[in-house]
Amino acid sequence: MGFLLCFSLLVLLAAPYLEGGSAQRHRAVRAQRPRGGSSPMPSETTASFWVSISPKLMTVELGSSVWLNCSSNCPLLESPVLHTGLRRGLTLSGPNWVSFQLLDVRTWSSDVRCFVTCARVTRGATARINTYKGPQSVILEPPVLEGREHTLRCHVTHVFPVRFLVVTLRRSGRVIYSESLERFTGLDLANVTLTYAFPAKPNDYGQLVTCHAHLNLDGLVVHGSSAPMALSFLTWSTRSKALASTCIAALVGILLAVGAACLRKYLLMQSRA
Ligand SMILES: *[C@@H]1O[C@H](CO)[C@@H](O)[C@H](O)[C@H]1NC(C)=O
Ligand SMILES: *[C@@H]1O[C@H](CO)[C@@H](O)[C@H](O)[C@H]1NC(C)=O
């Protein structure tokens, strides 16, 4: 990217919007985990006993409700025990499975554990629920032409998780700049501002520029775009405006001088006639 002159990026973290207490709850859950869960099996009857939870990994929009299915090859004489900090909803069950609904998931990442006891042996399985929030808005400010450079400023608001966000700038549909925000590992909703400057060329004027935000979550892409903005003379900076008015003043001065000379010549000719 030879024409890259200037680039800066700003990420503002929103006030702790997501549930803060979740980490503590998870620690408490881990401490409660029965010891027998990972110890060797005492007898052959339980050696092939398994517990499974599905899906193992889910990525859902902030505030969604989800279903998790906990099953085992051991007939469920007593209901499986679910350990989660999330709010519980409905429950469905079959001979060797129980399906749990979890409501309004607002924790950015949450582990849910299901424990089944079979012949006095307890085993568990874990599922992870990750959340995301697509950009609330993608706003491209009107481009500013200062000196011989266009500056584009794009705002992406209320997005999460920022490390999966890619912000792209396009001119007449072609990508002129793209930035992946992997290095921002914050765990809150964020506002991102991308600033990019590039040299102005005579054929730029009137071309449309747009800003695009992509949240790439394994297999799932959430996308937002700005309204197009035109690169234009109308957004001249004050400096170029000042220069322009100096030029116009000089031109008017020259015209006045020429006019006065013509008038004098005309009057001279009139007086001779
Ligand atoms: C992010 O942007 C939104 C919308 O412009 C605004 O209401 C909010 O206060 C901003 N948050 C931060 C942390 O700047
Ligand atoms: C839960 O999983 C079991 C075993 O895989 C399956 O038989 C059952 O239909 C599932 N229940 C729901 C509600 O998906």
Side-chain angles (χ1 to χ4, degrees), residues 8-20 48-84 86 88-103 105-106 108 112-118 123-129 131-142 152-167 179 181 183-195 210-215 222-227 229:
S8 68
L9 180 85
L10 181 68
V11 174
L12 298 170
L13 296 181
Y17 172 94
L18 301 163
E19 258 184 88
S48 61
F49 157 51
W50 55 258
V51 177
S52 164
I53 191 164
S54 90
K56 288 234 173 324
L57 177 68
M58 256 189 279
T59 303
V60 298
E61 184 153 26
L62 198 73
S64 302
S65 296
V66 300
W67 282 90
L68 284 175
N69 186 340
C70 181
S71 56
S72 171
N73 60 344
C74 179
L76 298 179
L77 301 176
E78 45 188 291
S79 186
V81 177
L82 200 69
H83 285 229
T84 176
L86 302 171
R88 300 271 294 267
L90 302 171
T91 302
L92 292 175
S93 60
N96 62 345
W97 59 266
V98 176
S99 222
F100 299 94
Q101 189 188 28
L102 299 171
L103 304 171
V105 181
R106 296 211 159 260
W108 75 273
V112 178
R113 290 182 175 82
C114 172
F115 294 105
V116 172
T117 303
C118 187
R123 285 188 166 177
T126 305
R128 173 159 291 185
I129 304 172
T131 56
Y132 70 87
K133 170 74 181 60
Q136 184 181 57
S137 61
V138 181
I139 299 163
L140 183 62
E141 287 182 15
L152 303 181
R153 191 163 281 121
C154 178
H155 306 280
V156 182
T157 64
H158 273 200
V159 65
F160 177 83
V162 179
R163 69 180 186 282
F164 296 123
L165 185 71
V166 176
V167 183
E179 170 89 7
L181 307 187
R183 63 190 185 282
F184 294 97
T185 54
L187 300 180
D188 284 314
L189 285 175
N191 288 346
V192 173
T193 298
L194 179 86
T195 305
T210 47
C211 178
H212 306 260
H214 285 89
L215 204 53
V222 185
H223 176 250
S225 292
S226 73
M229 289 286 159

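For ligands, and for the atoms within them, numbers begin at 1 and follow the listed sequence. For the single chain, residues carry numbers from 1 onward in sequence order.
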Measure and list all N/O to N/O distances between ligand 2 and the protein that fall under 3.5 angstrom.
| residue | atom | partner | partner atom | Å |
| --- | --- | --- | --- | --- |
| ligand 2 | 2 (O) | N69 | OD1 | 3.2 |
| ligand 2 | 2 (O) | N69 | ND2 | 2.4 |
| ligand 2 | 11 (N) | N69 | ND2 | 2.8 |
| ligand 2 | 14 (O) | N69 | ND2 | 3.3 |

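The shortest N or O to N or O distance between H158 and ligand 1 is not below 3.5 Å.
Nearest heavy-atom pair across E61 and G134 is OE2-N, 4.4 Å.
Taking T117 as the reference, T122 meet the side chain to side chain donor-acceptor pair (under 3.5 Å) condition, with sequence neighbours excluded. Remark: S225 pairs with H212, H223 by the side chain to side chain donor-acceptor pair (under 3.5 Å) rule, at least two apart or across chains. Every residue two or more places apart in sequence or in another chain was checked for a ring pair (Phe, Tyr, Trp, His ring centres under 6.0 Å) with H155, and none qualifies.
Not a single donor-acceptor pair under 3.5 Å links the side chain of N69 to the backbone N or O of S54.
Residues Q136 and V159 form no side-chain contact, since every pair of their non-hydrogen atoms from C-beta on lies 4.5 Å or further apart.
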